[in-house]
Amino acid sequence: GALTGAWHQVCELAGTPIKPWVKAAKPLALHESTLVIAVPNDFSRERVAVRHRDWIESTLAGHFGRPIHLAVSVDPSLETDLEDATASPELPLDAPTLGMGAAPVPGASNGDRLNPKYTFENFVIGSSNRFAHAAAVAVAEAPGKSYNPLMIYGPSGLGKTHLLHGIGHYVRQYFPQVRVKYVSTEELTNDFINAISENRTVEFRKTYRDIDVLLIDDIQFLESKIQTQEEFFHTFNTLHNAQKQIVMTSDRPPKALEALEPRLRSRFEWGLLTDIQPPDLETRIAILRKKATSEHLSATPEVLEFIAGKIATNIRELEGALIRVTAFASLNHQPVDMRLAEEVLKDLIPEGVEAQITPPLIMSQTANYFNITVDDLCGPARTHVLVTARQIAMYLCRELTDFSLPAIGRLFGGRDHTTVMHANKKIRQLMAERRTIYNQVTELTNRIKQAASAR
Ligand code: ADP
Ligand code: MG
């Protein structure tokens with residue numbers, strides 16, 4: 001019935017490497033919002049429940065029209081000759097191709113740019129972000145009725161985008177009739193430029209004004225874009241006059257956005273301004289603990305404390321370190337203990353260079369490292385080396401910079417954001433499975449950081 005139908009849809013969307021596991025799984029029951037399936041062994045359970053949970057859950061959510069939690073149980077009687085499939089060493093590096101820009105990432109096709117992990121539930125509150133969090137929740141609970149606009153500012157990697165998506169998720173969940181639009185400023189600018197060149201400004205206005213909540217990320221990128229500023233000024237006024245909610249993030253407070261039109265700058269100060277600061281040690285430990293639990297990464301409390309002690313100013317880096325440590329442990333079939341953590345993090349480049357890292361730097365370093373050109377990285381060729389290099393470069397852009405998925409896709413020869421998302425997942429997974437990939441990513445990251453700090 002409904003269950004089999006839902007699971008059939010999941011099977012349809014599964015990529016080649018995972019298909020055998022998904023097909024071997026058996027849907028057992030749908031209880032409220034939890035769908036229980038059984039798989040033959042722990043190994044498949046790990047694959048399905050950890051690595052593939054996200055897209056399976058969003059596929060199911062699409063099927064049932066509400067959030068679905070996937071619970072995976074093990075039923076050894078389902079064991080078949082699957083082991084052959086699991087033993088295959090040559091997993092395709094890339095997703096099955098549907099043309100250059102269209103690596104299929106199931107669940108990402110709903111046009112929804114919100115990262116499913118960036119929810120209020122997954123946000124750890126500490127003294128550094130308490131106020132920003134409270135403001136975001138207040139806005140999400142009563143869009144347009146409390147602080148308008150709300151502007152959250154602070155340096156990179158401290159949770160601004162996470163809070164912005166959190167508002168989006170919350171509003172969508174509790175007020176499904178409220179129309180929410182999330183864009184990065186870079187997308188907004190692009191949309192606008194395209195609209196002008198294609199004579200579609202009327203449509204452009206409609207998409208940005210016929211909404212109830214507008215979430216705009218990284219508004220500092222409006223600086224110096226005179227025409228887009230002008231257009232946004234009118235959009236802002238229209239929405240604000242109609243008591244529609246506007247939420248923005250920025251790496252600086254409005255006062256410091258010097259290349260922004262004064263009338264726009266002053267509007268940004270109409271509502272509530274709140275900053276977000278680097279987390280203290282306790283919060284950093286709590287964030288790591290939460291991350292370890294949600295991603296099923298096992299590490300001792302001592303190790304989490306050690307990592308939190310090493311990385312103080314950027315939560316993205318903090319998570320990156322945890323991922324590196326656990327990937328290294330998995331590669332070597334070792335437990336995540338202090339000795340291992342110390343070894344992996346011994347060459348940690350001092351913090352503070354993150355801001356200097358840009359996608360072009362990553363692309364040129366990656367090209368160099370693989371002995372190819374940046375044009376190769378952006379081009380259509382799909383040889384093994386190029387695909388790996390391209391995916392690693394995309395992964396690093398995602399890990400080391402603030403750039404959005406669509407923005408990264410555009411830099412890589414106009415690829416779709418789902419391709420970037422896929423590359424990111426793929427490399428993360430391969431780092432834990434293949435030593436060469438782990439080593440390449442680690443070494444390249446170090447080179448990039450060194451190049452950035454030498455600037
Ligand atoms: P920003 O937009 O400020 O550069 P992000 O929102 O992209 O930062 O956050 C960087 C990473 O850190 C994301 O993976 C995010 O989920 C995580 N993160 C940031 N703050 C928190 C928090 N308070 N609790 C849990 N995770 C957080
Ligand atoms: Mg951000």
Side-chain angles (χ1 to χ4, degrees), residues 54 113-137 150-170 182-188 215-222 247-253 273-295 297 304 307-308 311-324 326 351-359 395-408 417 420-421 424-425 428:
D54 284 353
R113 297 286 171 72
L114 299 179
N115 185 328
K117 290 182 186 160
Y118 291 178
T119 59
F120 287 145
E121 289 77 29
N122 289 342
F123 192 84
V124 175
I125 303 164
S127 55
S128 58
N129 58 31
R130 180 168 284 117
F131 193 68
H133 172 265
V137 172
L150 169 64
M151 168 124 153
I152 303 171
Y153 67 89
S156 179
L158 297 184
K160 301 184 296 296
T161 298
H162 190 139
L163 282 179
L164 204 58
H165 287 214
I167 295 171
H169 286 303
Y170 190 98
Y182 167 86
V183 277
S184 65
T185 299
E186 197 266 342
E187 279 170 84
L188 172 88
L215 308 170
I216 303 199
D217 213 354
D218 291 318
I219 200 86
Q220 74 272 7
F221 291 131
L222 265 192
V247 187
M248 296 168 288
T249 70
S250 164
D251 68 352
R252 277 159 284 159
L273 289 176
T274 165
D275 70 343
I276 191 162
Q277 306 246 347
D280 55 29
L281 179 66
E282 275 168 15
T283 310
R284 299 202 296 279
I285 295 172
I287 289 171
L288 285 178
R289 199 175 296 148
K290 188 146 201 157
K291 183 88 184 165
T293 309
S294 70
E295 307 257 316
L297 306 168
L304 297 183
I307 299 174
I311 296 163
T313 58
N314 187 315
I315 298 172
R316 191 176 296 118
E317 291 262 315
L318 191 66
E319 295 181 341
L322 175 66
I323 286 165
R324 227 169 321 136
T326 49
E351 290 179 85
V353 301
E354 302 88 20
Q356 312 293 325
I357 299 177
T358 61
Y395 167 83
L396 290 173
C397 286
R398 194 67 189 142
E399 284 290 305
L400 303 174
T401 78
D402 260 352
F403 279 62
S404 66
L405 295 168
I408 296 170
H417 76 280
V420 185
M421 202 190 273
N424 195 45
K425 283 195 171 175
R428 206 178 248 207

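For ligands, and for the atoms within them, numbers begin at 1 and follow the listed sequence. Nothing fancy with the numbering, it's 1 onward along the sequence. Below, all heavy atoms of this structure are taken into account, side chains as well, without hydrogens, waters or symmetry copies.
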Quiz item: Under 30°, 30 to 60°, or over 60°: which ring-plane class applies to Y118 and H162, parallel, tilted or perpendicular?
Solution: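 Judged by the thresholds at 30° and 60°, the geometry between Y118 and H162 is parallel.
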
Exercise. May I ask you to decide if the ring planes of Y182 and H165 are parallel, tilted or perpendicular, using 30° and 60° as cut-offs?
Key: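 Plane angle over 60°, so perpendicular.
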
Quiz item: Judged by modelled atom types alone, do S184 and D217 share a side-chain donor-acceptor pair under 3.5 Å?
Solution: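 Judged by distance alone, the side chains do not pair up.
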
Self-check item: Within the 4.0 Å heavy-atom sphere of ligand 1, strictly under, residues
Solution: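 Its neighbours under 4.0 Å (heavy atoms only) are Y118, N122, F123, V124, N129, P155, S156, G157, L158, G159, K160, T161, H162, I287, I315, R316, E319, D402, given by chain and number.
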
Quiz item: Within S156, is some N, O or S atom less than 2.8 Å away from the Mg ion (ligand 2)?
Solution: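 Here the distance criterion (N, O or S atom, under 2.8 Å) is not met by S156, so no.
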
Quiz item: What distance separates L158 CG from T313 OG1, expressed to the nearest 0.5 Å?
Solution: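 Atom-to-atom, L158:CG and T313:OG1 are 8.0 Å apart.
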
Exercise. Run the salt-bridge test on K117 and E319 with the 4.0 Å N-O cut-off and return the result as yes or no.
Key: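 Not counted as a salt bridge, because no side-chain N and carboxylate O are separated by less than 4.0 Å.
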
Quiz prompt | Contact check, side chains of I152 and L164, non-hydrogen atoms, under 4.5 Å | solution =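 Sidechains of L164 and I152: no contact.
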
